[in-house]
Amino acid sequence: MAALSGVRWLTRALVAAANPGAWRSLSTSVVAQAASRSQAEDVRVEGAFPVTMLPGDGVGPELMHAVKEVFKAASVPVEFQEHHLSEVQNMASEEKLEQVLSSMKENKVAIIGKIHTPMEYKGELASYDMRLRRKLDLFANVVHVKSLPGYMTRHNNLDLVIIREQTEGEYSSLEHESARGVIECLKIVTRTKSQRIAKFAFDYATKKGRSKVTAVHKANIMKLGDGLFLQCCEEVAELYPKIKFETMIIDNCCMQLVQNPYQFDVLVMPNLYGNIIDNLAAGLVGGAGVVPGESYSAEYAVFEMGARHPFAQAVGRNIANPTAMLLSASNMLRHLNLEYHSNMIADAVKKVIKVGKVRTRDMGGYSTTTDFIKSVIGHLHPHGG
C-alpha cells in the first residue's frame with residue numbers, strides 16, 4: 001500500500017518536474033488558502049512534496065520545530081502546510097477539522113503530534129482525534145518497536161511490529177445510560193474490518209520479510225466479539241501458508257512481552273488492546289520519546305509517534321526527546337520515495353544515540369531538545385546533506 005502510494009507520489013513529482021507551469025497553476029489555490037490562513041511560515045518550494053503538518057498538543061509543536069529544522073538543514077524537498085487543531089487550547093471546531101481534512105485529502109500524507117482528548121464529557125463522545133482518523137478511514141496503526149543501538153534498556157536487540165485496528169472496537173463512541181447508574185458502552189466488531197486489518201498484517205509481514213503473525217484477543221470472555229476477530233484472522237492466515245500464525249490472549253500477551261518479547265514478530269489486534277500494547281512495548285525500548293508510528297488508509301498515510309503522549313509537563317522546558325518524531329519523519333520520506341533523505345536523517349539520529357554524548361532526560365541525560373537537534377544536524381553533513 002505504502003509502495004503504491006510512493007509510486008503515485010513519484011509520478012506526481014516527475015510530472016511536476018517536466019511541467020513546472022502546470023504544477024504552479026495546480027498549487028496556486030493551495031497557496032492562496034494558506035495565505036488566507038496567515039501561515040507565512042509555509043514557503044512553497046518548486047517541485048517539493050506538499051505534506052500536512054498538525055503539531056497537536058503538549059510538546060507536539062516543539063517536536064515539529066525539530067523536524068522542520070532538520071529538514072531545512074538536510075535540504076529535504078518537502079513543503080509543510082501547517083494546521084492547528086486542539087481541544088485543550090480552544091482551537092478545535094468543525095471548520096478547523098474540515099480544513100485539516102481538506103489538506104490531508106489533497107496531500108495524501110501528513111505528520112501529526114498528539115491531539116489531546118480531555119476526559120470531561122461536553123456533549124460529544126467522539127474526540128477530534130478519533131473523528132479525524134475515522135473520516136480518513138485510517139484503519140491500520142503500525143508501530144515498529146526496535147531497540148536503538150547504544151541505548152541500553154531492560155531488553156536489547158528487540159524488533160517487533162504492532163498492528164492495531166483503529167476505527168472500531170471499544171472506540172466506537174457508542175455509550176449511553178440505559179438506567180440510572182447503569183452505563184452501556186458498546187464495542188463494535190465487524191467481519192469486514194477484522195478481515196481488512198488481518199490482511200494488512202499478513203501483507204505487511206510478507207512485504208517486510210517477516211515470518212510470524214500473532215493475533216491478540218480475549219475470545220475466551222468476549223466469545224462473539226473477539227471470537228469474530230479471531231475467526232477472521234484464522235481465515236486470512238490460511239491464505240498465507242508461508243507465514244507462521246499464532247494466537248494469544250491479551251493478558252498473557254502482556255506478561256509474555258515483559259518476560260520474553262523476542263518470541264514476537266508481527267502482532268495484530270483490535271483497537272483498545274493495540275493502544276495498551278503500543279505503550280507497553282514502547283516502554284521496553286526506551287519509552288514514548290523513541291518509538292515512531294504511522295497510520296494508513298487505502299489512500300492516506302499519517303506519520304506520528306508510536307506511543308501517543310502530549311508530555312504536557314515538559315512544555316516550554318526544552319527537554320522533550322525528538323527521536324520518535326524524527327524517525328517518524330524519516331519513515332514519511334521513505335513513503336514519499338525520498339530514500340536518500342530518509343536514510344540521511346535516520347542515520348544521523350541513530351548516530352547521535354549510539355555516540356551517547358547527547359541524551360535528553362528521558363534517556364538518562366541532561367541535554368536539551370535544542371542540543372539534540374544541533375547534534376543531529378551536525379551528523380547530517382558527512383552524507384553530503
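It should be emphasised that the depicted structure is a prediction, and the values quoted were computed from it without experimental measurement. Numbers for residues simply follow the sequence, beginning at 1.
- Contact between Val67 and Ala329 at its shortest, heavy atoms only, is CG1-CB, 4.0 Å.
- The minimum heavy-atom distance between His144 and Val291, with the atom names listed, is O-CG1, 3.8 Å.
- Nearest heavy-atom pair across Cys232 and Ala198 is O-CB, 4.4 Å.
- The closest side-chain heavy-atom distance from Val285 to Leu148 is not below 4.5 Å.
- Leu338 has its side chain within reach of Pro77: a pair of non-hydrogen atoms, C-beta onward, lies under 4.5 Å apart.
- For the pair Leu336 and His341, the minimum side-chain heavy-atom distance is 4.5 Å or more.
- Looking only at side-chain heavy atoms (C-beta outward), Asp278 and Asn141 come within less than 4.5 Å of each other.
- The backbone N or O of Ala73 lies less than 3.5 Å from no partner atom in the side chain of Glu69, so there is not a single donor-acceptor pair.
- Annotation: Ile183, atom CD1; neighbour count of heavy atoms from other residues, nucleotides and ligands within 6.0 Å is above 12.
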* Asked: How far apart are the C-alpha atoms of Glu304 and Arg133, what are their side-chain angles, what is the distance that settles it, and do they pass the salt bridge (charged side-chain N to carboxylate O under 4.0 Å, His left out) test?
  -> CA-CA 12 Å; Glu304 56 194 337; Arg133 291 174 195 277; 2.6 Å; yes
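- Formation of a donor-acceptor pair under 3.5 Å by the His155 side chain with backbone atoms of Val258 is found in this model.
- The local environment of CD in Glu95 is sparse, with at most 12 non-hydrogen atoms from other residues, nucleotides or ligands closer than 6.0 Å.
- A distance of 12.5 Å separates CD in Glu339 from CE in Met344, rounded to the nearest 0.5 Å.
- Put simply, the side chain of Met222 does not reach to within 4.5 Å of the side chain of His217, judged on heavy atoms.
- In this structure a side-chain-to-backbone donor-acceptor pair under 3.5 Å is present from Asn156 to Thr153.
- Using a distance-only test at 3.5 Å, with no hydrogens or angles considered, no donor-acceptor pair links the side chain of Thr360 to the main chain of Ala320.
- A donor-acceptor pair is defined here as one N or O able to donate and one able to accept, closer than 3.5 Å; no such pair exists between the side chain of Gln195 and the backbone of Val236.
- Annotation: the span from Arg134 atom CZ to Ser297 atom OG amounts to 15.5 Å, rounded to 0.5 Å.
- Relative orientation of the Phe200 and Phe139 rings is perpendicular, given thresholds of 30° and 60° on the angle between their planes.
- The only member of Arg210, Lys208, Lys212 that meets side chain to side chain donor-acceptor pair (under 3.5 Å) when paired with Asp265 is Arg210.
- Other residues, nucleotides and ligands contribute at most 12 non-hydrogen atoms within 6.0 Å of the CZ atom of Arg154.
- Judged purely by atom type and a 3.5 angstrom limit, Asn271 has no side-chain atom pairing as donor or acceptor with the backbone of Tyr171.
- Using modelled atom types, one finds no donor on one side chain facing an acceptor on the other under 3.5 Å when comparing Gln81 with His83.
- In terms of heavy-atom proximity, Ala219 sits nearest to Leu230 at CB-CD2, 4.0 Å.
- Across every non-hydrogen atom of Ile162 and Ala281, the tightest pair is CD1-CB, 3.4 Å.
- Taken from CD1 in Ile345 to CG in Asn331, the straight-line distance is 11.0 Å, to the nearest 0.5 Å.
- For the residue pair Asn157 / Ser147, no side-chain donor-acceptor distance below 3.5 Å is found, with atom types taken as modelled.
- Of the possible donor and acceptor atoms, one in the side chain of Glu170 sits under 3.5 Å from a partner among the backbone N and O of Leu272.
- Note: the hydrophobic cluster containing Val51 also contains Tyr340 (ILVMFWY, side chain heavy atoms under 4.5 Å, direct or indirect links).
- Between Phe202 and Tyr240, the ring planes lie parallel to each other; the angle is under 30°, not in the 30° to 60° tilted range.
- Counting only heavy atoms from C-beta outward, the side chains of Ile353 and Lys350 never approach each other to under 4.5 Å.
- By the ring-ring contact (aromatic ring centres under 6.0 Å, His included) test, Phe372 pairs with no residue at all, sequence neighbours left out.
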* List the steps, then state whether side-chain contact (heavy atoms from CB on, under 4.5 Å) holds for Thr370 with Lys374. => CA-CA 6 Å; Thr370 309; Lys374 282 181 181 171; 3.9 Å; yes
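- Inter-residue side-chain proximity for Asn343 and Arg334 is flagged as met; some heavy-atom pair is nearer than 4.5 Å.
- In terms of modelled atom types and a separation under 3.5 Å, the side chain of Glu165 and the main chain of Thr167 share a donor-acceptor contact.
- Using a cut-off of 4.0 Å between Lys/Arg side-chain N and Asp/Glu carboxylate O, Arg317 and Glu62 are scored as not salt-bridged.
- Screening Phe303, Phe49, Tyr300 against His335 for a ring pair (Phe, Tyr, Trp, His ring centres under 6.0 Å) leaves a single residue, Phe303.
- Without hydrogens or angle criteria, Asp371 side chain to Thr368 main chain gives a donor-acceptor distance under 3.5 Å.
- The nearest pair of heavy atoms linking Ala205 to Ile243 is CB-CD1, 3.8 Å.
- Side chains of Ser330 and Ser342: a donor on one and an acceptor on the other come within 3.5 Å.
- Here the CG atom belonging to Leu280 is positioned 11.5 Å from the CG atom belonging to Asn275, to the nearest 0.5 angstrom.
- The main-chain N or O of Thr369 is never found under 3.5 Å from a side-chain atom of Asn321 such that the two would form a donor-acceptor pair.
- If you take CG on Asn252 and CG on Asn220, they are separated by 10.5 Å, rounding to the nearest 0.5 Å.
- Note on Leu186 and Phe229: separate hydrophobic clusters, where clusters join Ile, Leu, Val, Met, Phe, Trp and Tyr whose side-chain heavy atoms are under 4.5 Å apart, directly or indirectly.
- Within the 4.5 Å cutoff, no side-chain heavy atoms of Leu239 are placed close to those of Lys199.
- Considering OG of Ser328 and CD1 of Ile111, their distance stands at 5.0 Å, rounded to 0.5 Å.
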